*Asks:* 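Before anything else, here's the structure in question.
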Amino acid sequence: VQATPVKRLCKTHNIITVNGQYPGPTLEVNNGDSLEVKVVNRGQYNVTIHWHGIRQLRTGWADGPEFVTQCPIRPGQSYTYRFTIEGQEGTLWWHAHSSWLRATVYGALIIHPKAGSSYPFTKPKRETPLMLGEWWDANPIDVVREAARTGAAPNISDAYTINGQPGDLYNCSSKDTIIVPLDSGETNLLRVINSALNQELFFTIANHRLTIVAVDASYVKPFTTSVIMIGPGQTTDILITADQPPARYYIAARAYQTAQNAAFDNTTTTAILEYKSAPCPAKKGQSVQPILPPLPAYNDTATVTAFTSSLRSPSKVDVPTDIDENLFITVGLGLNPCPPGSRARDCQGPNGTRFTSSMNNVSFVFPSTFSLLQAHHQGIPGVFTTDFPAVPPVKFDFTGNVSRALWSPVRGTRLYKLKYGSTVQIVLQDTTIVTGENHPIHIHGYDFYILAEGFGNFNPQSDTSKFNLVDPPMRNTVGVPSSGWAVIRFVADNPGVWLMHCHLDVHITWGLAMAFLVENGVGKLQTLEPPPADLPVC
């Protein structure tokens with residue numbers, strides 16, 4: 001992990017990269033492989049690496065979120081992540097999990113089927129990972145530090161990127177636009193990953209149908225669409241067939257934005273799908289302008305709902321039914337009053353406040369002297385409590401006009417304890433405090449079934465009838481609808497401390513997170529492994 005000069009949008013920045021590459025290297029492995037990844041920190045910032053979507057069964061020490069499962073790797077230090085991929089295949093990714101380093105420290109993690117097994121669809125001719133990223137014409141760490149100082153929303157990005165390149169619609173960018181080649185008649189697999197820091201995105205390809213075959217490294221019943229919505233942390237596997245006249249077609253992505261009155265980057269990133277037999281330009285030095293696809297309006301929630309409600313598991317699945325832990329968790333923003341003795345420049349949120357964020361009115365505080373997993377494993381007192389509320393402390397009209405008295409959450413490092421093997425249902429409910437917003441909620445160490453989602457306040461009387469208990473999709477990151485709710489279920493079969501947080505990094509910075517403490521079961525196979533000898537010390 002090192003600083004590397006990278007030029008984008010006409011300007012060179014010294015960004016943090018892995019092995020000098022931006023995006024970082026793609027790791028291609030097989031289901032069943034054991035990995036050892038030595039991370040050496042040659043940069044100026046603390047760093048950790050998270051293997052997004054990897055179950056990490058009993059190897060929580062390798063999960064990566066800073067101060068949750070490990071202390072950061074300090075500049076000049078190193079740590080070797082060791083873990084085994086068990087029963088997972090598809091598209092995942094890895095990224096830094098410390099401050100805003102993941103703006104540039106990320107890469108694809110592609111898990112191929114075990115030898116002798118294959119995809120549940122015809123093997124594509126070629127496979128292309130497409131990582132959607134977000135670029136600041138600044139140092140992202142400075143951006144988040146300034147926001148922490150002022151209490152205001154951080155500056156928005158200046159470009160989106162595909163595999164690190166903004167594309168033709170930005171200054172100084174067109175000569176490096178990513179080209180995805182294909183031959184007439186062939187079917188290719190595109191592995192699309194949203195590695196943007198703070199923005200959900202629409203993604204489409206001009207004149208081509210997208211057949212969706214997997215999300216978050218779980219197969220789905222294939223269906224065809226012209227556009228997808230993908231939140232940060234999520235992945236989508238798409239088959240495209242070269243059935244159009246040979247030419248050049250834009251692959252494009254731009255924002256899906258739900259927060260009211262919030263600034264956002266409204267630019268469009270592009271790559272080019274290029275048929276090998278596409279006609280050449282008439283004159284040397286000219287290029288044939290690719291066809292630009294239409295994209296949904298920035299706030300087109302109907303298109304998002306149509307897409308997410310099309311996701312189904314390939315066949316009937318074993319959904320947990322006897323629920324041991326029934327949780328109701330609000331997710332949303334808040335505003336803190338200006339602390340006594342602060343200057344106006346420290347309170348540049350709306351009306352002289354500071355932005356905050358919470359789950360069930362607790363704004364999560366990460367520890368700084370021990371990681372949560374160490375504190376749990378070694379029985380160190382005073383690092384966390386286990387009194388995270390199972391329901392909101394105050395019941396209110398979550399998606400209505402919320403009383404200002406409820407806008408300021410309490411701070412705390414509160415975990416929720418789960419017995420090994422317990423079945424868990426969580427209703428994730430967005431609130432309209434400050435603004436309703438679609439929140440991509442990610443749980444570390446687990447995949448979960450998404451039983452249903454809807455708008456307004458979740459109603460246990462009428463909404464349980466909407467639950468899909470037959471073939472719900474499985475994901476590791478769920479987009480909780482703006483001013484709406486989503487219901488998920490999983491079995492707590494992985495001991496350790498597992499972070500659940502919004503994958504918009506601006507929100508995790510403000511405290512939109514909590515963690516589950518899953519206790520050990522019986523015997524070695526249900527017990528967290530001991531910490532590795534080289535685990536970084538705080």
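None of the values given here were measured: they were computed from a predicted structure.
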*Asks:* Parallel under 30°, tilted from 30 to 60°, perpendicular over 60°: which one fits the rings of Tyr106 and Trp93?
*Replies:* perpendicular
*Asks:* Apply salt bridge (charged side-chain N to carboxylate O under 4.0 Å, His left out) to the pair Arg475 and Asp447, showing each step before the final yes or no.
*Replies:* CA-CA 5 Å; Arg475 299 204 79 149; Asp447 288 321; over 6 Å; no
*Asks:* Do Glu89 and His112 have side-chain N/O donor and acceptor atoms under 3.5 Å apart?
*Replies:*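 Not at all, the side chains of Glu89 and His112 share no donor-acceptor pair under 3.5 Å.
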*Asks:* Would you call the rings of His95 and His50 parallel, tilted or perpendicular if under 30° counts as parallel and over 60° as perpendicular?
*Replies:*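 Perpendicular: the ring planes of His95 and His50 meet at over 60°.
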*Asks:* Sub-3.5 Å donor-acceptor pair from the side chain of Asp216 to the main-chain atoms of Asn476, do we have one?
*Replies:* yes
*Asks:* For this output row, return yes or no: ring centroids of His97 and His444 closer than 6.0 angstrom.
*Replies:* yes
*Asks:* If you take the centroid of each ring, where Trp contributes its six-membered ring, are Trp498 and Phe516 closer together than 6.0 Å?
*Replies:* no
*Asks:* Taking the six-membered ring for Trp, is the centroid-to-centroid distance between Phe364 and Phe366 below 6.0 Å?
*Replies:* yes
*Asks:* Do any N or O atoms from the side chain of Thr386 and from the backbone of Tyr416 form a donor-acceptor pair under 3.5 angstrom?
*Replies:*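 No, because the side chain of Thr386 does not come within donor-acceptor range (under 3.5 Å) of the backbone of Tyr416.
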*Asks:* Between Thr17 and Val105, does the side chain to side chain contact (heavy atoms under 4.5 Å, CB included) criterion hold? Intermediate values first, please.
*Replies:* CA-CA 5 Å; Thr17 65; Val105 177; over 6 Å; no
*Asks:* Just by modelled atom types, is the Leu528 backbone N or O under 3.5 Å from a matching donor or acceptor in the Asn520 side chain?
*Replies:* yes
*Asks:* Can you give me the closest heavy-atom contact between Thr477 and Gly233, atom names plus distance?
*Replies:* OG1-O, 4.0 Å
*Asks:* Above 12 or not: heavy atoms from other molecules or residues under 6.0 Å from CD of Gln260?
*Replies:* no
*Asks:* Establish, from distance only, whether the side-chain atoms of Thr84 and Ser34 form a donor-acceptor pair under 3.5 Å.
*Replies:*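 Judged by distance alone, the side chains do pair up.
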*Asks:* I'd like to know whether the aromatic ring centres of Phe328 and Phe398 sit less than 6.0 Å apart in this structure.
*Replies:*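 Under 6.0 Å, so yes.
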*Asks:* Side chain to side chain contact (heavy atoms under 4.5 Å, CB included) between Asn30 and Lys114: does it pass, once the steps are laid out?
*Replies:* CA-CA 6 Å; Asn30 293 333; Lys114 281 187 166 148; 5.8 Å; no
*Asks:* State, yes or no, whether a side-chain contact exists between Pro495 and Thr527 at a heavy-atom distance under 4.5 Å.
*Replies:*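 Not touching, per the 4.5 Å side-chain cut-off.
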*Asks:* Taking Gln88 for the side chain and Gly53 for the main chain, is one N or O donor matched with an acceptor at less than 3.5 Å?
*Replies:*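 A pair under 3.5 Å: yes.
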*Asks:* If you measure only the distance, is there a donor-acceptor pair under 3.5 Å linking the side chains of Ser98 and Asn46?
*Replies:* no
*Asks:* Looking at the rings of Trp136 and His13, which for Trp means the six-membered one, are their centres under 6.0 Å apart?
*Replies:*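 They do not qualify: ring centres at least 6.0 Å apart.
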*Asks:* Under 6.0 Å between the ring centres of His52 and His442?
*Replies:*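 Yes.
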*Asks:* Is the ring pair Trp94/Trp51 parallel, tilted or perpendicular, if the boundaries are 30 and 60 degrees?
*Replies:* tilted
